[in-house]
Amino acid sequence: MSHLKILQSYAKRSPESFPASILFGHSAKNITIFDGFPKSKFHFLVLPRASETDLSLSDLGSLHALLKADKSKAKEVVAALADDARGVRGDIEREMVKHYGFKWDVWTGFHAAPSMVHLHLHVLSADLCSDKLKHKKHYNSFHPKLGFFLHLDDVLSWFDAEPTYYEHMVSMKKLHLLIVLKEGLTCFHCYKEMKNIPILKDHLQEEWDKLATKASRKRKRKGESADVAVPEEKGLSDQEKTLKRAKSEATENVEA
DNA sequence: GTTCTAGAAC
DNA sequence: GTTCTAGAAC
């Protein structure tokens, strides 16, 4: 199976046929999988199931293709993805508290020019701290302010905006989007420009450490225990180990 | 996606 | 000299 079409093949499969290492959950309309190359501490993909719509597989090929098809059907598909994404976000937040003792942001959105076929909604923690984040295009494709990562709420708002605006967003130029990926490396927390990827990654870790420290102080002030289960294997319950193992096994499969 | 590598950056 | 990027090949 080519990497480019792997998500399309998942969209055609019955949820029961997946190993637990790939499938995180499913609903009537969608499946949620572990991103095979998570770019944050938590990173999932929500995909519309091919059998649960009368749109063609090619209409479901990408957000661009979907929005060019029937507008009201497109809205239904995106709204259904949004429903599942809310649940995934809640799951991520519970895991955040369990593993790290605090919650931070979760981003939900589409890549404007994805590299793989079949619509997929990213749901990921807002840290971009991951071994799998290696290149400038990885980082810029999730940077929340660059415009390549299309936040779900923005996409939903297009449906209710002026038709001309909708048309404008649907016809967004791919060339411009790809140029965005080559722009400089600006920290999404503090907007400082970083010289290169290794420096950026160290900096992102420091920014996340600051969030963790702040949350820990806050817990102390409130008189709660400041001690948190450390994110190490020995500190994890069996269920958490399973989730962690599932995540690392999922690495063999998804996302380009 | 990964690996390899030329050449740029430092 | 070493580190890093980015394009080609797979």
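Excluded from the calculations below are hydrogen atoms, water molecules and symmetry mates; all remaining heavy atoms, backbone and side chain alike, are included. Below, read A as the first sequence line, B as the second, and so on, with proteins coming before strands; counting in each chain starts at 1.
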**Student:** Name the first nucleotide and the last nucleotide along DNA chain C (5' to 3') that come under 4.0 Å of a heavy atom in chain A.
**Tutor:**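 Going 5' to 3' along DNA chain C, contacts run C:dC4 to C:dG7.
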**Student:** Salt bridge between A:Lys98 and A:Glu95, side-chain N to carboxylate O under 4.0 Å?
**Tutor:**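 Yes, this pair counts.
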**Student:** Is the count of non-hydrogen atoms from other residues, nucleotides or ligands lying under 6.0 Å from A:Lys201 atom NZ greater than 12?
**Tutor:**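 Yes, NZ of A:Lys201 has more than 12 neighbouring heavy atoms, counting only those of other groups under 6.0 Å.
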**Student:** For the pair A:Arg89 and A:Glu93, evaluate salt bridge (charged side-chain N to carboxylate O under 4.0 Å, His left out) and give the outcome as yes or no after the intermediate values.
**Tutor:** CA-CA 6 Å; A:Arg89 180 194 177 124; A:Glu93 288 175 340; 3.3 Å; yes
**Student:** Does this structure show an ion pair linking A:Lys29 with A:Asp84, if we count only N-O contacts that are shorter than 4.0 Å?
**Tutor:**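 No.
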**Student:** Count I, L, V, M, F, W, Y as connected when their side-chain heavy atoms are under 4.5 Å apart, and connections chain through other members. Are A:Phe148 and A:Met169 then in the same cluster?
**Tutor:**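 No, because A:Phe148 and A:Met169 fall into different hydrophobic clusters, even though each may have its own neighbours under 4.5 Å.
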